[in-house]
Amino acid sequence: MVIRKGTFAKYDYGFIKNLKIYGQLKAPTFDLSHIPASLPIWMGYGGNDALADVKDVQRTIKELQSKPDMLYLENYGHIDFLLSIYAKRDVYDSLISFFRLAQVVNYCQDRLAQDFYEDLFEELDKYGEIESLNVCDNLADHMVGNVYVQFREAVHALNALKNLIGRCYAGRPIIVDYLPVTDFREATCRQYDENICNRGGYCNFMHLKIGRELRRQLFGRIIGLLRIEDLQNFTKKVMVSSIYTTNENKGVIVNRSYEVVGESSADRTPSAAGKSGGLHSLDALTKRG
């Protein structure tokens, strides 16, 4: 396609078969701008390469978001990168060094991401009990840099909102807002968890940056702080069903059954039970600017 039509695209089967396979008459082109700027790229090219000449390489570089690590060899042709007796010295040593450096960078980025997650968890835990905390690895404008935290109680989310407004992280302002999301599992990309998501960073479902192990450690640490004597104080349980309440912040009506722990039904009215018994909760969103 590049040689015949000057386009970097999938195979052109002709109008009819293209329509059947791709759903359009022309073969779709590859949009190199979708390659994330954070992805390390190494590119090698030669002055005697008639297939991938200098002009083609320069055109490719312009379409990328980042500047690749370049290796130019004036006397190399297309096949020389594989068969030259000097390929190890001229090409492979440089390529191996690039991958080793990329491994170090990736390790540092992962370590920084884990430190960031722990910082967030420790700060947000000051405002109330956290049910889930998700850091997005997505690249789309409406999701990049987003952090989603769900608190067990509405008052906890309100407390977080009050204390986070006007705050900064690493010199960058934190933008805080409420979200009408009650279950982050439905918003998470399961294919990404299985390493089979073909939409990459522009997927509209959450790609979670932090692995399950660290999340399990942090949430397990909080659960481990509960003492046996604290749990023994909550042994009296009463089931309250079909309580209706309107959450003014979300504009929704909730109807569900839940357990009120430690009090009898005579101790409170249905509306009060809905507010203090955990009938609904608010979700706070913190977004790094």
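Here the structure is a predicted model, which is why all the values come from computation and not from measurement.
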Between [X] and [Y], what is the shortest heavy-atom contact and its length?
| X | Y | result |
| --- | --- | --- |
| Cys203 | Met143 | O-SD, 3.9 Å |
| Leu139 | Val144 | O-CB, 3.9 Å |
| Val57 | Ala52 | CG2-O, 4.2 Å |
| Tyr192 | Cys197 | N-CB, 3.7 Å |
| His207 | Cys189 | CD2-CB, 3.5 Å |
| Pro68 | Ser66 | CD-O, 3.4 Å |

Keeping the roles fixed (side chain from [X], backbone from [Y]), state whether a donor-acceptor pair exists under 3.5 Å.
| X | Y | result |
| --- | --- | --- |
| Asp12 | Ala27 | no |
| Asn48 | Asn75 | yes |
| Glu129 | Glu153 | no |
| Asn163 | Asn159 | yes |
| Glu131 | Arg152 | no |
| Asp53 | Asp49 | no |

Co-membership, hydrophobic cluster, residues [X] and [Y], 4.5 Å side-chain:
| X | Y | result |
| --- | --- | --- |
| Leu82 | Ile96 | no |
| Tyr202 | Leu32 | no |
| Ile174 | Phe151 | yes |
| Val147 | Leu161 | yes |
| Phe99 | Leu71 | yes |

*Take Gln24 and Asn18 through the side-chain contact (heavy atoms from CB on, under 4.5 Å) test and state the conclusion after the steps.*
CA-CA 6 Å; Gln24 58 188 56; Asn18 283 344; 5.9 Å; no

To the nearest 0.5 Å, what is the distance between [atom1] ([X]) and [atom2] ([Y])?
| X | Y | atom1 | atom2 | value |
| --- | --- | --- | --- | --- |
| Glu63 | Asp31 | CD | CG | 7.5 Å |
| Phe205 | Glu186 | CZ | CD | 8.5 Å |
| Ile16 | Leu25 | CD1 | CG | 10.0 Å |
| Asp119 | Leu112 | CG | CG | 10.5 Å |
| Tyr148 | Thr188 | OH | OG1 | 10.0 Å |
| Phe98 | Gln103 | CZ | CD | 11.0 Å |

*Atom CZ of Arg89: over 12 foreign heavy atoms under 6.0 Å*: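 Buried by this count: over 12 neighbours within 6.0 Å.
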
*Under 6.0 Å from the OH atom of Tyr72, do we count more than 12 heavy atoms belonging to anything else shown?*
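Count over threshold, so yes.
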
*With under 30° as parallel and over 60° as perpendicular, where do the rings of Phe121 and Tyr117 fit, or are they tilted in between?*
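Rings of Phe121 and Tyr117: parallel, as their planes differ by under 30°.
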
_Using 30° and 60° as the class boundaries, would you call the ring planes of Phe30 and Phe8 parallel, tilted or perpendicular?_
tilted

*Given side-chain contact (heavy atoms from CB on, under 4.5 Å), test Gln65 with Leu39 step by step and report yes or no.*
CA-CA 10 Å; Gln65 295 189 54; Leu39 179 67; over 6 Å; no

_side chain to side chain contact (heavy atoms under 4.5 Å, CB included) involving Glu194 - partner list, sequence neighbours excluded_ =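 Expected list: Ile196.
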
Does a side-chain heavy-atom distance below 4.5 Å link [X] with [Y]?
| X | Y | result |
| --- | --- | --- |
| Ile21 | Tyr11 | no |
| Ile61 | Met70 | yes |
| Phe116 | Tyr169 | yes |

*Hey, are Arg111 and Asp115 close enough for a salt bridge, meaning a charged N less than 4.0 Å from a carboxylate O?*
yes

*Let me know which of Asn138, Asn134, Asp137 forms a side chain to side chain donor-acceptor pair (under 3.5 Å) with Lys209.*
Asp137

*Residues Tyr13, Tyr22; criterion side-chain contact (heavy atoms from CB on, under 4.5 Å); working and verdict*: CA-CA 10 Å; Tyr13 294 96; Tyr22 303 127; 3.3 Å; yes

_Passing option when Tyr76 is tested against Tyr45, Phe81, Tyr86 for ring pair (Phe, Tyr, Trp, His ring centres under 6.0 Å)_ = Phe81

*Output, in order, the C-alpha distance, side-chain angles, deciding distance and verdict of side-chain contact (heavy atoms from CB on, under 4.5 Å) for Leu64 and Met43.*
CA-CA 12 Å; Leu64 294 171; Met43 294 181 66; 4.3 Å; yes

